[in-house]
Amino acid sequence: MSDFLLLFVSAAFVNNVVLVRYLGQCPFLGVSNRLDTAIGMSMAVVFVITLASAVTWNVQHYILNPYGLGYLQTIAFILVIATLVQLVEMFLQKSVPALYRALGIFLPLITTNCAVMGVAVLNIQNDYTFVETLVFAFASSIGYGVALVLMTGIRERLNTAPVLSNLTGTPAALITACMLALAFMGFAGMVQ
Amino acid sequence: MLEALLAIGGLGLVAGLGLAVASRVFYVYVDPKIVAVEEALPGANCGGCGYPGCSGAAGAIVRGAAEPNVCVAGGSSVHTAIAGLLGVEIKEREPEIARPGCTYGLDSADLKYEYDGFRGCGGAVLLDGGAKVCPVGCLGLGTCVRACPFGALSMGPDNLPVVDEELCTGCGTCERVCPKHIITLSSSTRRALREYTTDQCSAPCQRACPAGINVPEYIRCIGEGDYREAVRIIKETNPFPSVCGRICVHPCEYECRRNLVDQGVAINPLKRFASDRERLSGERVPAYRAPETGRRIAVIGGGAEGLTASYFLNRMGHESVVYEGSSRMGGLLRYGLPRNRLPSDVLDWDIEGVREAGVAFETGQRLGRDMTVGSLLEEGYDAVLVALGGWDTQMSQRTPGEVLKPLPGVYLLLDFLLAFREGKQRVLGKRVVILGGGSAALEAARIHIREDAREVHMVFRVPRSRAPFSEEVLEDAEEQGIQLHFETAVTRMMGRDDELTHLELTRLDALHDAPREILAADTFLTGSGRFPELVYVPQAGGGDVEIESRRGTVSWETLVPYAGPCATEATGVFRPGEANADYRAVVEAMGSGRRASATIQRYLSGESVEGPEHMIRANTRVLSLAELEPVSMAPREPVPVPPEEELRADPFLEVESTYDEDQARREAKRCLQCGLICYRRTEGPVH
């Protein structure tokens, strides 16, 4: 149990997917203007990364590995993730319209999010079991959400602060992201 | 190699087939129209339409829940495009644009402190509501300017927002972001319906005006030589500028802040000057009319109040018809005023203005004789406004001995008693309610009890201890079966066709949620000397009482227009001080006519017919000034009068004349352009 807990903390904070591993920068800057959209995005990310990891793990272990096709991993994963996201979108629109409206516009954004691909590949590289994969994927995406929400909170405040006019907008956001990443470096070494 | 092809190809095939199946299984129909409409919308997601973003609006438009022109930001090209997609016609909507409600910037207003914090109004307002002493002053930090999605706002030199009327789309974003609600959307309809509230800047003269004219603004226009704009501003709340400019009792001038220095500004002569220029030019200043709504309103009474109400109803896009009992419009303005005060041609010019605006006049039509409230409602009017004024004018036109009954089931107490004593009138009904009137009321109540009325109620506004009868008399009356109601007002009447069936009584001692009681009644006797202005509207089903409806009949109920700033107490059909406004002056009748039209507009749009929240009334405390810092003296321009001998020679010659242009400009410059507590601090001589 404590292994899972350590895995969780490691994935969520110490090796935070966006601030330490540097994955999924686009939505991290793009969707961090308003708290409600940031939360919607985070939820969508948690949903998709967890699901995608579960499916890609199976694809790796039951299709690619038995036939020695490991070198096709990237192509296969992209195919699977893209299909999956579309499928999920259709399913939600039909069955859970409320959730669809909440996550709606974020789902297509995530199709091409490298954080999803990155986590899926990391699962394989780290030789995780299926359960470990699930925990790792969930924790990573939670870490992503935490970083996104923190970033949004800071940016919302920054919007009302006097910022040098040359730096307003993306430059200020990048500096903020840098500070946030430095802060997360404080977790380094807590868990290997 | 083959394995790789098979594996990836297989995966792709499965994925493709899966998606194909899923797209069938999870198929959700999205109206292609919604997509098309959404593409036609600007995509600014400003929320000005009241829907969550453009896609929300697109859905609502296609569902039919919103008009194709709901998008305030897109302008007419977008509206036309959407209407084209849906194959419907669009109704032109009145332009609404933002209007800053503050006229004195940080440099010229009194300040509590120097603000040097975060540059945004949201921050400044946290410190005791902002730096200005005035509680409704613009904070001048430009939050609205930055929020405007269309770049229509900029900051003026005096730190007040300036609206570019061409660029403003009326989306209302500025109104939503302003923490003090100072910049608001405005249109001529909104300004016609507005009342001054404690939440906005108003000058003492504006608050004193029963018609609510924006006095400082029209005087500023006169000072700048834009006389037609001045007339337009006056007409936003008063359709009779030439009449008012002559006979108004001008309460505004007594409240003018210049009285603290020398003499009040000649507000009314300036109004006369501007309106006379319009009249003599023969070219009317056009007033905006909202698009046709298809609603029809009947107004009974062609006096100042009825004409004013019909004028504003017309401007709101309704079809309004005025029914007048005599042969000519004007009421007391025509029959009660000396010609040397108000010449006929001046009166005719203003009344003709109402007709030209599109109001229909029906003369020689008396309520109760030629038509009734019931027959008008049956004709398809959406509301009938009764603005009859006094019983006196009614009585002068009746046949002797007849009991007046213009309103269904409502009689004048004295009228009934006189006719009864002469044997010309029997008892009126079986369920009788009598309001006010002292001993006469008691006499009428006893007559009805004696003649086997089923129920007789007497309604008093005062508590039992302050009733106009001794306790023994009251007990005696109760013993006879008369039911007494103390501290109670009659607040609503309900009926069918030309019959009264129910009255609503409201207790006056409770402040909120006063208990209401519905009483079956066919006769309502009142000691009041005036008809109240009342709005009769068809009764919607599911009301407080189901009035048994018969074929070919129409059930109705009454709405009481909200009382204006002169009124202190506003409860009841017949209010203390008689009806809604007591007509000491024509301008008060015009004010209540406008309020009656506002009430009808609110009713038609399904809103509460109460006056706006925080409306300034007679006893409302408003921040003001008791003294002025040095303002240079400037005597009031004397109003020119004709020579004595000419006046003697011609009894119809007007006793006063109009300013010439120089005089008017000089007088207008005397105006201090007051706000709530700001004013123009003049350095040196004014001229």
Side-chain angles (χ1 to χ4, degrees), chain A residues 33-34 36-37 40 52 55-56 58-102 104-105 107-108 111 156-165 168-169, chain B residues 1-31 34-35 38 43 45-47 51-56 58-60 115-127 139 141-144 146-147 149 177 179:
Chain A
N33 286 319
R34 290 181 50 191
D36 49 346
T37 48
V55 176
T56 49
N58 284 308
V59 168
Q60 179 75 29
H61 285 270
Y62 294 107
I63 298 175
L64 301 181
N65 284 355
Y67 301 102
L69 298 173
Y71 59 93
L72 287 175
Q73 189 192 44
T74 311
I75 297 173
F77 280 16
I78 289 176
L79 185 68
V80 169
I81 293 171
T83 314
L84 185 72
V85 173
Q86 288 207 26
L87 203 64
V88 165
E89 196 183 347
M90 287 183 204
F91 170 76
L92 286 183
Q93 190 173 10
K94 177 78 176 180
S95 313
V96 202
L99 192 61
Y100 175 75
R101 275 196 294 279
I105 58 166
L107 286 172
T111 320
E156 279 194 343
R157 296 225 171 172
L158 208 60
N159 273 340
T160 57
V163 174
L164 205 60
S165 63
T168 29
Chain B
M1 180 63 196
L2 190 66
E3 283 166 340
L5 276 177
L6 280 178
I8 293 297
L11 257 181
L13 195 66
V14 170
L17 283 176
L19 281 180
V21 171
S23 72
R24 277 306 170 104
V25 174
F26 299 125
Y27 177 68
V28 176
Y29 176 76
V30 178
D31 195 333
I34 296 183
V35 181
E38 193 179 343
N45 289 318
C46 68
Y51 292 95
C54 292
S55 59
Y115 179 76
D116 190 21
F118 147 67
R119 310 309 289 170
C121 302
V125 79
L126 294 175
L127 283 173
L139 302 175
L141 295 168
T143 292
C144 51
R146 286 190 292 278
V177 299

Which residue pairs pass the side-chain hydrogen bond (donor to acceptor under 3.5 Å, both in side chains) test when at least one of the two sits in residues 64-79 of chain A, sequence neighbours left out?
A/Gln60-A/Asn65, A/Gln60-A/Gln73
Who among A/Val80, A/Val59, A/Leu87, A/Leu64 has the most heavy-atom pairs with chain B under 4.5 Å?
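So the answer, after comparing A/Val80, A/Val59, A/Leu87, A/Leu64, is A/Leu87.
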At a heavy-atom separation under 4.5 Å, does A/Ile63 approach chain B through its side chain, its backbone, both, or neither?
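The side chain, not the backbone.
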Could you give the distance from CG (A/Leu72) to CD1 (B/Ile8), rounded to the nearest 0.5 Å?
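A/Leu72 atom CG to B/Ile8 atom CD1 measures 4.5 Å (nearest 0.5 Å).
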Output the distance between atom CD1 (A/Ile75) and atom CG (B/Leu11), rounded to the nearest 0.5 Å.
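Output value for this atom pair is 11.0 Å.
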Going by the rule ring pair (Phe, Tyr, Trp, His ring centres under 6.0 Å), which residues pair with B/Phe26 if we only count those two or more places apart in sequence or in a different chain?
A/Phe91
Might you point out which heavy atoms bring A/Leu69 and B/Ala7 nearest each other, and give the distance in Å?
CD1-CB, 3.3 Å
Of the backbone (N, CA, C, O) and the side chain (C-beta and beyond), which part of B/Val14 lies under 4.5 Å from a heavy atom of chain A, both, or neither?
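Neither part, no heavy atoms under 4.5 Å.
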Show your working on side-chain contact (heavy atoms from CB on, under 4.5 Å) between B/Val25 and A/Lys94 and close with a plain yes or no.
CA-CA 9 Å; B/Val25 174; A/Lys94 177 78 176 180; over 6 Å; no
